[in-house]
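The structure appears below as structure tokens.
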Amino acid sequence: MSSLLESRKDGAAILTINRSLKRNAINYDVMEEMLEAISRAEADSSVSYIIVTGSGEQSFCSGGDVREFHNLRTEEEAYPMLRKMGTVLERLFLCKKPTVALLNGHAVGGGSELAIACDFRISRSNIQVGFIQGSIGLTTGWGGTVFALERMKSDHAMQMLISADRYSAEEAFEKGYMTYITKSANWHSEAYEYIGNLFKRSSPILSSYKMYWLSRLDQDKLSERIEQEIRNCARLWAKDEHHIAVEAFLNRKKKQS
Ligand SMILES: CC[C@@H](C(=O)O)C(=O)SCCNC(=O)CCNC(=O)[C@H](O)C(C)(C)COP(=O)(O)OP(=O)(O)OC[C@H]1O[C@@H](n2cnc3c(N)ncnc32)[C@H](O)[C@@H]1OP(=O)(O)O
């Protein structure tokens, strides 16, 4: 079964991470499939905007697959993995069509980076959001800090990043991370109605505004900043603090079962 589902609906390309049993954690398959799907959507004239979401109702994305990536021990081993997903998120951030993250559930670690790489974040309530990397001996390592500082007030972004806390959707809205939180029990329909209304204008209008937004960025400098973040995270990855924290997460599950 594919790790990423791709569909088209009313001008939207919908990319759904399809690993709900692992809370939609990102592995190499998701990375490769997402990069290809973004390129396809950008080139497809029937697509006006892109929605990124997760399968199930528990998690949008729980970040990197800690089980799969736990065998990466050194800086040299961690860097290619971080660089690979960093490239996917940079591609998403610089996409010529508007993008929206539909938070069907928790967005933690790299999941919060994936969401902030998108232009908008629409969420159901009763979910956790957090750049929790600091609690496992890391910083963001896929470009998330660069994207958060571009999209949010810097003190709010820094608070979310440095604390490494988990926030409710409502708290994340207060910080300017979240664009909209659904209110009705039928959150799915409400979210799609909101997104449909947000993107109701024609494709050239949507892509023109995206172009205006992109034109304010120095893309070379942006790429440099993302690369610095990835390199630094790879250095932290190799330290005991990170490996011990990941082992604690994996053992937590073993003790319960
Ligand atoms: C690598 C890049 C780095 C970055 O640059 O940002 C990162 O992303 S670091 C990774 C950060 N993520 C984590 O530390 C994992 C955090 N996970 C959670 O906090 C919770 O799992 C959740 C997302 C809030 C969901 O909670 P809940 O619904 O209660 O589910 P469980 O905790 O019971 O998990 C169910 C199942 O899923 C597995 N799982 C969850 N997250 C991951 C993950 N990131 N990678 C791999 N597997 C994950 C968990 O182990 C359980 O599996 P089983 O034990 O097999 O049932």
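Worth knowing before you read on, the calculation uses all heavy atoms, side chains too, and leaves out hydrogens, waters and symmetry mates. In each ligand, atom 1 is the first atom listed, and ligand 1 is the first ligand listed. Index from 1, following the sequence.
Tested against N24 for a side-chain hydrogen bond (donor to acceptor under 3.5 Å, both in side chains), the candidates S59, S55, S62 yield a single pass: S55.
Here I17 contributes atom CD1 and L4 contributes atom CG; the two are 7.0 Å apart, rounded to the nearest 0.5 Å.
Near L21, the atoms of ligand 1 lying under 4.0 angstrom from a non-hydrogen atom of the residue are 36 (C), 37 (O). Atoms of ligand 1 lying under 4.0 Å from any heavy atom of R252, numbered from 1 in the order shown and given with element: 31 (P), 32 (O). Counting atoms of ligand 1 from 1 in the listed order, those under 4.0 Å from a heavy atom of R67 are 50 (O), 54 (O). Near E113, meaning under 4.0 Å from one of its heavy atoms, ligand 1 places the atoms 4 (C), 5 (O), 6 (O). The atoms of ligand 1 that sit less than 4.0 Å from any heavy atom of W237 are 1 (C). Residue contact check: G63 has heavy atoms under 4.0 Å from atoms 8 (O) of ligand 1. Interface of Q133 with ligand 1, defined as ligand atoms under 4.0 Å from a residue heavy atom, comprises 4 (C), 6 (O). The contact set between ligand 1 and A25, taken as ligand atoms under 4.0 Å from a residue heavy atom, comprises 43 (C), 44 (N), 45 (N), 46 (C).
Judged purely by distance below 3.5 Å, without hydrogens or angles, the side chains of N18 and S2 never pair a donor atom with an acceptor atom. With no hydrogens or angles considered, a side-chain donor-acceptor pair links T145 and T140 at under 3.5 Å. Side-chain atoms of Y28 and E33 form no donor-acceptor pair, as typed in the model, at a separation below 3.5 Å.
Checking K22, H70, R23 against atom 27 (P) of ligand 1, the nearest heavy atom belongs to R23. In the candidate list Q128, E68, R166, H106, R166 is nearest to atom 19 (O) of ligand 1, counting heavy atoms. Considering only non-hydrogen atoms, atom 7 (C) of ligand 1 lies nearest to G64 out of C233, G64, G141.
For ligand 1, the polar-atom distance check finds an N/O of G110 within less than 3.5 Å of one of the ligand's N/O atoms. Among the atoms of S62, some N or O lies under 3.5 angstrom from an N or O of ligand 1. Looking at ligand 1, you won't find any N or O of I136 less than 3.5 Å from one of its N or O atoms. Taking distance alone, with nitrogen or oxygen atoms compared against 3.5 Å, T140 stays at or beyond that limit from ligand 1.
Residues R124 and T182 have side chains in contact (heavy-atom distance under 4.5 Å, counting atoms from C-beta outward).
The side chain of F249, and not its backbone, has at least one atom closer than 4.0 Å to an atom of ligand 1 (non-hydrogen atoms only; side chain from C-beta on).
Cluster partners of L21: none. The rule joins Ile, Leu, Val, Met, Phe, Trp and Tyr whenever side-chain heavy atoms lie under 4.5 Å apart, and it links nothing here.
In this pair, W213 and F93 present their aromatic rings perpendicular. The plane angle is above 60°, beyond the 30 to 60° band. Between Y209 and Y212, the two ring planes are perpendicular [angle over 60°; tilted spans 30° to 60°].
Proximity of a side-chain donor or acceptor of R73 to a complementary backbone N or O of H70 within less than 3.5 Å is detected.
Heavy-atom distances between L250 and ligand 1 stay at or above 4.0 Å for every pair. Within the 4.0 Å heavy-atom cutoff, F60 does not count among the residues contacting ligand 1.
Looking at residues two or more places apart in sequence or on another chain, you find a side chain to side chain contact (heavy atoms under 4.5 Å, CB included) between E90 and R83, L94, S223, I226.
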